[in-house]
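One is the number of the first residue; the rest follow in order along the sequence. Bear in mind the structure is a predicted one, so any value in this text is a computation, not a measurement. Whatever order the structure lists ligands and atoms in, that order sets their numbers, starting from 1.
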Amino acid sequence: MEIKKKIKLKKIPTRASEKYRNFPMVPRVVFGNGSFDQLGDILLPKRKHSESPIIFLVDDVFEGTALIPRIPKIFCDQIVFISAEEEPKTTQVDALVAMIREEYQELPSGIVGIGGGTLLDLAKAVAILLTNKGSASEYQGWDLVHKKSIYHVGIPTISGTGAEVSRTTVLLSPEKKLGINSDETTFHQVILDPELTKGVTHDQWFYTGMDCYIHCVESLNGTYLNAFSQSYGEKAMDLCKEVFLTDLSKTESQDKLMMASWHGGMSIAYSQVGIAHAMSYGLGYLLGVKHGIGNCLVFQYLEEFYPEGVATFNKMMQRHQIELPNGICRNLSETDFDKMVTVALSMEPLWENALGDNWRNLITPEKLKSIYQKI
Ligand code: NAD
Ligand code: ZN
């Protein structure tokens, strides 16, 4: 199988003149139960005038719930409900941008994403594409965005992905699943209101929470590890262990998982994820398997690479009586397996982080296929 040569994240920093990444962080963040109600005050100074709306992209799981009247919609603002059943797509971003351009003469004053990683990523991408011409698919990659994005706010309603703090928005295009990684992607404001996560179903709570746990395992066991990543990764790991392996009150658990997600996101910001993520991308691309559950499906079979991480993961699964689906890859063809393997192996920085410079000699397409066959 041919492995395409791609730019290495670690060796080539964001800009040619930079020896180390000059990483953007979320400049403003509010934390606390009920902090969602500060959104109106936060948005007010950002409103350009009455014809320049704030567009609220909201997970449709909240349609008709008590959260909606709390959204500070004024003037010509609009609430757009979006399903998070599928991973966000570049075509979806393009359609939202076209809709906003058609309905309004003026550019919006802001985009607010309310939901899980899916809605947060859509909000980031729409904020970028409103000022950058063309399709979202043209910006998938590293540092391809050159015009300032619209002011955008992220309000997570489920914890784990770290999308609230990251510099990427992961999108599915007809050709690939890849993030728009840019300085313009990061939110200008985040509201961390743990109470918003209270309605998440048990299984989904676990899958998205495990995304955070796996971020920590992959970052802390990676060759890219440095003191910056480690400091965040260890904190996130401790919080995950508290949440998933000890008895906490519901509110304590919500608070801690929200902060674990934040720290886990910060940890991978300055390093990388690893094998579970690379392989989960393959599952997501071919079968549309969602990120959190996809990571779990792969991770359970990675004891060879992450022995301690997988042992703890198994304990967490047992404690919360999680049964992962099986037989997902049972009826796949050789071409399907090849496709997933190609997508997984194309994530070069992830493999390099996991296995070092010599990764091509340590992992083979056959090995990956044998793992996929178990899923
Ligand atoms: P999600 O947004 O896909 O939502 C998962 C499910 O939970 C959906 O059914 C949703 O409706 C539901 N949900 C969300 N909040 C809820 C609430 N409060 N009550 C009840 N139901 C609720 O979940 P996710 O796992 O947070 O996000 C996955 C996405 O995040 C993937 O598309 C993945 O690619 C992306 N991701 C992005 C980054 C990044 O840095 N940008 C990092 C990791 C993952
Ligand atoms: Zn992840």
Seminar exercise, completed: Atoms of ligand 1 under 4.0 Å from any heavy atom of T208, numbered from 1 in the order shown, are 24 (P), 25 (O), 26 (O)

Exercise. Should E85 be listed as contacting ligand 1, given a heavy-atom distance under 4.0 Å as the test?
Worked result: yes

Exercise. Taking the non-hydrogen atoms of G292, is any one of them nearer than 4.0 angstrom to ligand 1?
Worked result: no

Exercise. Which ligand 1 atoms does V200 reach within 4.0 Å, using its non-hydrogen atoms?
Worked result: 16 (C), 17 (C), 18 (N), 19 (N), 20 (C)

Exercise. Does any N/O atom on T168 come nearer than 3.5 Å to any N/O atom on ligand 1?
Worked result: yes

For this session: Could you walk me through whether R101 and E106 pass the salt bridge (Lys or Arg N to Asp or Glu O under 4.0 Å) test, one step at a time?
Result: CA-CA 8 Å; R101 286 211 181 108; E106 302 276 337; over 6 Å; no

Problem set entry | Protein residue, atom and distance nearest to atom 31 (C) of ligand 1, heavy-atom basis | E87 OE2, 3.3 Å

Exercise. Is any side-chain heavy atom of V190 closer than 4.5 Å to a side-chain heavy atom of V165?
Worked result: no

For this session: Show which atoms of ligand 1 fall inside a sub-4.0 Å distance from at least one heavy-atom site of D211.
Result: 43 (C), 44 (C)

Exercise. Looking only at heavy atoms, what is the nearest atom pair of G116 and I158, with distance?
Worked result: CA-CG2, 3.3 Å

Problem set entry | Which N, O or S atom of D211 lies nearest to the Zn ion (ligand 2), by name | OD1

Exercise. Side-chain donor-acceptor pair under 3.5 Å between S173 and Q140, yes or no?
Worked result: yes

Problem set entry | Non-hydrogen side-chain atoms of D77 and I55 separated by less than 4.5 Å | no

Seminar exercise, completed: among protein heavy atoms, the one nearest atom 40 (O) of ligand 1 is S166 OG, 2.6 Å

For this session: May I ask you to check if ligand 1 and K290 share an N or O to N or O distance below 3.5 Å?
Result: yes

Exercise. Near K374 NZ, under 6.0 Å, is it more than 12 heavy atoms from other residues, nucleotides or ligands?
Worked result: yes

For this session: Verify the neighbour count for atom CG of D60: are there more than 12 heavy atoms of other residues, nucleotides or ligands below 6.0 Å?
Result: yes

Exercise. Nearest protein heavy-atom contact for atom 1 (P) of ligand 1: which residue, which atom, what distance?
Worked result: T118 OG1, 3.4 Å

Seminar exercise, completed: Taking only non-hydrogen atoms of T157 and a 4.0 Å limit, the atoms of ligand 1 in range are 14 (C), 15 (N), 16 (C), 17 (C), 18 (N)

Seminar exercise, completed: Vertex the Zn ion (ligand 2), ends H215/NE2 and H291/NE2: angle to nearest 10° comes to 170°

Exercise. Which residues satisfy the side-chain hydrogen bond (donor to acceptor under 3.5 Å, both in side chains) test with D37, sequence neighbours excluded?
Worked result: R70

Exercise. Does ligand 1 have a heavy atom under 4.0 Å from the side chain of Y207, from its backbone, from both, or from neither?
Worked result: neither

Exercise. Between D143 and D183, which heavy-atom pair has the shortest distance, and what is it?
Worked result: OD1-N, 4.4 Å

Problem set entry | E86 CD: over 12 foreign heavy atoms closer than 6.0 Å | no

For this session: Determine yes or no for a side-chain-to-main-chain donor-acceptor pair under 3.5 angstrom, with S267 supplying the side chain and S229 the backbone.
Result: yes

For this session: Answer yes or no on whether K177 is positioned over the face of Y285, meaning its NZ or CZ is under 6.0 Å from the six-membered ring centre and within 45° of the axis.
Result: no

Exercise. Are Y306 and I275 side-chain neighbours, meaning at least one heavy-atom pair lies under 4.5 Å?
Worked result: yes

Exercise. Taking the six-membered ring for Trp, are F299 and Y213 parallel (under 30°), tilted (30 to 60°) or perpendicular (over 60°)?
Worked result: perpendicular

Seminar exercise, completed: The answer for which part of L196 has a heavy atom under 4.0 Å from ligand 1 is backbone

Problem set entry | atom 33 (C) of ligand 1: the protein heavy-atom neighbour that sits closest, reported with distance to 0.1 Å | H291 CB, 3.5 Å

Exercise. Just wondering, do S219 and L225 contact through their side chains at under 4.5 Å, heavy atoms?
Worked result: yes

Problem set entry | Close-contact set for ligand 1 against V170 heavy atoms, below 4.0 Å | 34 (O), 37 (C)

Seminar exercise, completed: The protein heavy atom nearest to atom 20 (C) of ligand 1 is G199 O, 3.4 Å

Problem set entry | Note, I111 side chain near Y151 side chain (heavy atom, < 4.5 Å) | no

For this session: Identify the protein heavy atom lying closest to atom 30 (O) of ligand 1, giving its residue, its atom name and the separation to 0.1 Å.
Result: G117 CA, 3.2 Å

For this session: Please determine if T169 has a nitrogen or oxygen closer than 3.5 Å to a nitrogen or oxygen of ligand 1.
Result: no

Exercise. Would you say D121 and ligand 1 have an N/O pair spaced under 3.5 Å apart?
Worked result: yes

Exercise. Can you find an N/O atom of L119 closer than 3.5 Å to an N/O atom of ligand 1?
Worked result: no

Exercise. What are the atoms of ligand 1, with element, lying closer than 4.0 Å to any heavy atom of G116?
Worked result: 2 (O), 26 (O)

For this session: Do me a favour and list the nearest non-hydrogen protein atom to atom 42 (C) of ligand 1 with residue, atom name and distance?
Result: T161 O, 3.4 Å

Problem set entry | Contact atoms of ligand 1, heavy-atom distance to V61 under 4.0 Å | 11 (O), 21 (N), 22 (C)

For this session: Decide whether an N or O pair under 3.5 Å exists between H215 and ligand 1.
Result: no

Problem set entry | Shortest protein contact, atom 13 (N) of ligand 1 (heavy atom only) | D59 OD2, 4.0 Å

